[in-house]
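Contents: one structure, followed by commentary.
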Amino acid sequence: MGVRRAGAALPASLAKATTEQRAVARELVDTLGDLDGRLRVPRGILPELAALAAEWLACGHTVADVREQVRRCLPGRGQFIHRPVGWCGTYSGRSHP
């Protein structure tokens, strides 16, 4: 997603999300590690994942829906997640609303 310059238009997919949905999405992404300790996401990628979560919320899904999608796609216990950032983007986007 990258850094947006002041005054630049929002991507179309994110533009349909309300300010409140974007804020809720950011909180959701900030707490991904609470779902599973293997989901340690670097701070720099949080805005991209928050935008993806905001898209889900804008399509009518709840925070619980997004968390359940992430939880459902996690590999089994004891299996290591080698690239949590790639995993989150790939799997949460795979069943995008």
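Arg22 places a side-chain N or O within donor-acceptor distance of the main-chain N or O of Ala17, the cut-off being under 3.5 Å. The backbone N or O of Gln21 lies less than 3.5 Å from a partner atom in the side chain of Thr18, making a donor-acceptor pair.
Listed here is the closest heavy atom pair of Ala25 and Leu57: N-CD1, 3.9 Å. Contact record, Arg26 with Pro47: NH1-CG, 3.9 Å, taken as the closest heavy-atom pair. For the pair Ala53 and Leu28, the tightest heavy-atom approach, listed with the atom from each and the gap, is CB-CD2, 3.9 Å.
Between atom CD of residue Gln69 and atom NE2 of residue His61 there is a gap of 9.0 Å, rounded to the nearest 0.5 Å. Here CZ of Arg67 is found 10.5 Å from OG1 of Thr62. Values are rounded to the nearest 0.5 Å. The CG atom of Leu32 lies 7.0 Å from the CG atom of Leu49; values are rounded to the nearest 0.5 Å.
Annotation: salt bridge (Lys or Arg N to Asp or Glu O under 4.0 Å) contacts of Asp65 (sequence neighbours excluded): none. Residues meeting the side-chain contact (heavy atoms from CB on, under 4.5 Å) test with Glu68, sequence neighbours left out: Arg71, Arg72.
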